[in-house]
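We number each residue from 1, following the sequence as shown. Every number for a ligand or one of its atoms is a count from 1 in the order of the listing.
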Amino acid sequence: MGRTSKDKRDVYYRLAKENGWRARSAFKLLQLDEEFQLFQGVTRAVDLCAAPGSWSQVLSQKIGGQGSGHVVAVDLQAMAPLPGVLQIQGDITQLSTATEIIQHFDGCPADLVVCDGAPDVTGLHDVDEYMQAQLLLAALNIATHVLKPGGCFVAKIFRGRDVTLIYSQLRVFFSSVLCAKPRSSRNSSIEAFAVCKGYDPPDGFLPDLTKPLLDHSYDPDFNQLDGPTRIIVPFVTCGDLSAYDSDRSYPLDLEDGSEYKYTPPTQPPISPPYQEACALKKKGQLAKEISPQDCPMSTVDMLPQ
Ligand code: SAM
């Protein structure tokens with residue numbers, strides 16, 4: 001597979017590079033904004049789980065007019081700098097990170113909090129959905145400290161079995177909650193985005209960081225809401241129908257038939273976790289894990305039991 005094959009299979013990946021976005025995710029936020037006018041009147045925003053930074057790029061370009069807005073970007077991973085974006089490297093489920101973010105908005109709250117956080121998926125769907133929900137709840141907890149009344153919260157969700165519980169929790173804090181699927185998000189993915197508008201916490205609600213951000217107890221009965229507590233939120237797809245379909249492959253000469261020219265990534269990863277393994281592989285020093293199937297019988301007997 002050549003380096004252009006991903007350009008062919010994933011049109012949004014290719015367009016991201018050609019348009020100078022650090023990741024194809026930029027189109028998801030742009031398509032959500034097209035539908036919900038997320039950036040209207042926004043001057044201060046928080047981008048949680050921001051690396052490599054395409055949502056921060058969009059935010060810094062779109063809010064506050066001519067980049068005069070204020071964006072705080074947070075991620076576990078280091079992110080290459082972006083003009084007008086203040087970066088915090090940390091885990092959003094940790095108190096220390098939450099406190100650092102909140103300090104930046106002390107006395108001057110944010111209009112918009114976005115979170116595109118995703119755990120490293122394991123393939124065990126229940127575990128992945130649970131981890132994703134914990135990220136969303138950590139983001140919501142931070143949002144309750146920094147959002148101004150009427151503010152907006154947008155977060156990635158996995159539409160799994162217990163998603164109605166998340167909607168119900170979000171409805172406690174926002175006057176409108178819906179679930180949106182931008183066209184650039186693959187149909188084959190359970191990813192969607194909760195779009196919550198009109199921050200309006202219950203009377204007497206006091207944001208509280210002393211409660212653990214991560215709640216490890218999981219009660220399956222508690223997570224099944226019925227009757228009036230079961231909230232079904234509207235599901236909206238967004239991105240014009242004429243927009244590219246993220247599940248299709250497109251020929252490389254998309255528009256005018258002119259000759260295809262490869263574009264390298266806008267911002268290569270600055271310290272990817274696989275860097276060391278690649279260096280070792282180049283030198284032929286990468287140890288190969290030995291599995292019993294790979295070994296002749298005599299060697300299997302010598303493996304530690
Ligand atoms: N919106 C980003 C963009 O446009 O470039 C892409 C975000 S990427 C899909 C998901 C990010 O979530 C990863 O960079 C990952 O490091 C981050 N992440 C996952 N768990 C996190 C956590 N607990 N705290 C902070 N960041 C986290």
Just distances here: any N/O of D116 and N/O of ligand 1 closer than 3.5 Å?
yes
Do V11 and S246 come within less than 4.5 Å of each other through their side chains, counting heavy atoms only?
no
F39/W55 aromatic ring centres below 6.0 Å
no
Taking the minimum heavy-atom distance to atom 26 (N) of ligand 1, which of L76, L29, D47 ranks first?
L76
Which of the atoms of ligand 1 are close to P52, meaning less than 4.0 Å from one of its heavy atoms?
5 (O)
Checking contacts here: is it the side chain or the backbone of L135 that comes within 4.0 Å of ligand 1, counting heavy atoms only? Could be both or neither.
side chain
Distance-only N or O hit between ligand 1 and G117, under 3.5 Å
no
Ignoring hydrogens, what is the shortest heavy-atom contact between S189 and R159? Give both atom names and the distance.
O-NH2, 4.0 Å
Do R186 and D10 sit within salt-bridge range, that is, some charged N less than 4.0 Å from a carboxylate O?
yes
Residue G90 vicinity, atoms of ligand 1 by number, heavy atom under 4.0 Å:
24 (N), 25 (C)
Starting from atom 4 (O) of ligand 1, which protein heavy atom do you reach first, and at what distance in Å?
S54 OG, 2.5 Å
Which bit of A51 gets closer than 4.0 Å to ligand 1, counting heavy atoms only: side chain, backbone, both or neither?
both
Check contact between G53 and ligand 1, using heavy atoms of the residue and a distance below 4.0 angstrom.
yes
Check: V74 N/O within less than 3.5 Å of ligand 1 N/O
no
Please work out which of the three classes, parallel, tilted or perpendicular, describes the rings of F173 and Y199, given edges at 30° and 60°.
parallel
How far is atom 23 (N) of ligand 1 from its nearest protein heavy atom, and which residue and atom name does that atom have?
D91 OD1, 2.8 Å
Backbone, side chain, both or neither: what part of A50 comes under 4.0 angstrom of ligand 1, heavy atoms only?
backbone
Which pair of non-hydrogen atoms, one from I92 and one from C49, has the smallest distance, and what is that distance?
CD1-SG, 3.8 Å
W55, any N or O under 3.5 Å of ligand 1 N or O:
yes
M79 and S56, any side-chain heavy atoms less than 4.5 Å apart
yes
Quick one: does any side-chain atom of R24 pair with a main-chain N or O of S184 as donor and acceptor, under 3.5 Å?
yes
Identify whether V146 and L95 are in the same connected component of the hydrophobic contact network (ILVMFWY, side-chain heavy atoms under 4.5 Å).
yes
Whether R248 engages the ring of Y250 as a cation-pi pair (distance to the six-membered ring centre under 6.0 angstrom, angle to the ring normal within 45°) should be assessed.
yes
For atom 18 (N) of ligand 1, the closest protein heavy atom turns out to be C49 SG, 3.8 Å
Can you report which non-hydrogen protein atom sits closest to atom 19 (C) of ligand 1, along with the distance?
A118 O, 3.3 Å
Residue, atom name and distance, where the atom is the protein heavy atom closest to atom 16 (O) of ligand 1:
D75 OD1, 2.6 Å
re atom 24 (N) of ligand 1, the protein heavy-atom contact at minimum distance is I92 N, 3.0 Å
Between N19 (side chain only) and L15 (backbone N and O only), is there a donor and an acceptor less than 3.5 Å apart?
yes
Is it true that Q77 lies under 4.0 Å from ligand 1, counting heavy atoms only?
yes
